[in-house]
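When a ligand or atom number is given, it counts from 1 through the structure's own listing order. Owing to the predicted nature of the structure, the values given are computational and were not obtained by experimental measurement.
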Amino acid sequence: MKQSQSIQASRQVDAIVVGAGFGGLQALHHLREQGLTAHLVEAGSDLGGTWYWNKYPGARVDIESLEYSYAFSEEIQQEWSWSERYSPRKDVFDYLNFVADKLDLRGHMQFDTRIVSATFSDEDGVWTLTSEAGETFVARHVFWALGFLSQSYIPDIPGRDTFKGTLVHTSRWPDEGIDLAGKRVGCVGVGATGVQFVPEVAKVAGHLSVFQRTPNWCLPQRNEPMREDYERFVKENYAEIRKQEHEQRGAGHVLFDYEISTANTRSPLDYSEEERNAIYEHYWKKGAIHITRGFFGLILDEGANDTLRAFWEKQIRDTVKDPETAEKLIPDFPPLTRRPCGEYGYYEAYNRDNVELIDCKANPIASICPEGVRLEDGTVVELDVLAFATGFDAGAGALRQIAISGRDGLTLSEAWSEGIRTHLGMMVDGFPNMYVLGGAQSPAAHFSPPLLVVYQTKLALRLMEAADALGDGRVEVTPEAVDGWTRHVSEVMEKTMVAKSGSWWMSANVPGKPRQPVAYAGGFAAYRDWAEKSLDDGFAAYRLTAPATT
Ligand code: NAP
């Protein structure tokens with residue numbers, strides 16, 4: 001291969017992986033397993049991805065850990081034991097460290113290395129990645145495993161820099177923690193993060209002010225220490241459980257208390273009110289997302305959805321003692337059209353004397369001042385600590401921070417000037433030998449990320465193999481395949497009630513972002529079928545080219 005001098009001076013591998021979370025770790029492993037040279041770089045000071053960064057009080061997984069884990073190694077899934085049904089952040093972090101040691105990955109990873117640019121050389125057919133510190137890496141293939149929810153979003157509220165206390169985004173909670181004991185703490189945002197944060201902080205803070213703009217529908221997780229016999233049941237049945245998981249539309253539906261559950265295929269409207277509520281009650285008691293297994297059509301049909309809504313409203317009113325607060329906590333949008341939040345004592349927290357709910361729809365945040373938060377009516381809520389649980393620029397937010405330039409100098413910003421377009425959320429035309437794991441337009445937000453990224457990596461490896469058969473060749477997706485997938489992602493979402501929602505699921509949480517579904521909602525099985533078909537007819541969805549011979 002003829003190469004320019006600057007490229008010869010850089011570290012060279014077959015593939016570079018960026019990001020050391022669930023996506024990156026397994027990609028590094030699978031690439032090395034194929035006998036390729038691979039190197040992983042990560043901006044953080046350790047591995048873990050989401051489970052490294054999100055150190056806020058209360059952070060934990062809301063899919064059962066026995067499901068939210070890798071399935072590709074029987075040895076790993078049998079050997080590792082989870083201590084709780086829904087693991088706290090630290091347990092997931094420890095698990096990923098265990099995996100890295102088990103697969104001998106540590107020697108191929110480099111931390112504290114933030115990639116700021118990536119440029120494809122038409123001449124050499126390689127990518128050059130440059131870090132913030134100016135270090136360069138050259139690879140024929142690049143895997144972006146940056147996380148679906150990793151680019152923090154803090155709203156641009158006037159006076160944000162004037163606050164004299166501690167201001168923090170929950171996903172950048174410091175390693176050493178923040179002493180909240182007896183303090184006046186404010187929490188802006190009540191998505192999945194805020195809902196986990198509030199009950200934990202309420203236990204220690206002197207006073208907690210929760211700034212709520214849009215209440216969310218929250219599901220009791222009913223976490224508990226891992227029961228030995230339950231763990232044994234799952235480990236003995238893992239093959240069937242993983243098979244079922246891959247067929248589900250969403251994540252975390254399969255395990256159901258010593259059962260591999262199958263969903264009801266009938267509408268709630270097929271039942272009397274009494275029968276229907278008994279079914280809801282049954283699933284509610286099991287906790288978490290199982291409520292969606294009770295009936296079919298809950299996000300397709302408004303009448304069906306209304307029955308769930310009525311049941312759920314009653315649960316909130318029954319739990320929160322102050323009727324006025326309970327009414328403020330009841331959402332004004334249909335359940336399941338935004339991501340439901342898993343709760344661990346969230347509603348009960350509002351029964352405490354030190355917790356106050358501030359309704360920012362009625363009285364919005366006007367500015368931040370040195371003392372705290374000023375509301376539109378002039379009230380100043382005085383605070384020592386102000387936490388923003390305001391979410392993420394989901395999907396491609398982190399990827400967009402990197403100056404990526406592909407074939408013929410085309411930049412990713414240019415390719416996406418009118419919105420994100422991908423094939424399977426993985427590849428973009430004009431960007432050869434580049435693969436995104438768990439990215440925008442993939443099923444990531446609606447499926448189990450640890451399973452998705454493994455399938456995607458194996459798909460990429462099949463494409464790489466085809467390109468390699470041409471002798472260091474290139475693989476690029478066709479514009480037709482990209483347009484077809486992008487259209488399909490929107491069409492699938494349009495059939496659901498989610499399409500009308502205003503949350504990050506529709507890219508609606510970050511001002512100025514084009515409104516489009518951030519992820520594919522058709523289910524993993526349909527995704528996999530589409531991906532497999534793209535390989536038919538001699539890889540019809542891709543262009544495989546041999547390297548230039550000059
Ligand atoms: P989010 O769902 O986007 O919630 C952000 C919150 O900030 C919303 O309540 C939003 O209100 C509020 N907000 C934004 N700007 C505001 C402003 N200017 N004034 C007042 N409020 C404002 O973010 P998230 O809670 O971090 O969750 C994001 C996703 O991460 C979740 O849906 C989930 O997929 C994942 N997550 C998972 C877990 C888990 O258990 N495994 C835990 C945490 C997060 P509006 O709704 O009115 O915009």
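Note on residues 89-102: pairs passing side-chain hydrogen bond (donor to acceptor under 3.5 Å, both in side chains), not counting sequence neighbours, are Glu75-Lys102, Glu79-Lys102, Ser83-Asp91, Lys90-Asp94, Asn97-Arg106, Asp101-Arg106. The stretch residues 319-329 participates, sequence neighbours left out, in these side-chain hydrogen bond (donor to acceptor under 3.5 Å, both in side chains) pairs: Arg317-Glu327, Asp322-Thr325. Note on residues 355-381: no pairs pass ring-ring contact (aromatic ring centres under 6.0 Å, His included), not counting sequence neighbours.
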* To do: Show your working on ring-ring contact (aromatic ring centres under 6.0 Å, His included) between Phe447 and Tyr527 and close with a plain yes or no.
  => CA-CA 11 Å; Phe447 183 59; Tyr527 177 82; 8.5 Å; no
* To do: Please test Ile316 against Trp217 for side chain to side chain contact (heavy atoms under 4.5 Å, CB included), starting from the C-alpha separation and ending with a verdict.
  => CA-CA 9 Å; Ile316 299 171; Trp217 296 100; 4.2 Å; yes
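Sorted by chain and number, the residues within 4.0 Å of ligand 1 by heavy atom are Tyr56, Arg60, Val61, Asp62, Leu149, Pro155, Val188, Gly189, Val190, Gly191, Ala192, Thr193, Gln196, Arg213, Thr214, Arg338, Arg339, Ala389, Thr390, Gly391, Phe392, Trp504.
From Leu208, atom CG reaches atom CZ of Arg352 across 9.5 Å, with rounding to the nearest 0.5 Å.
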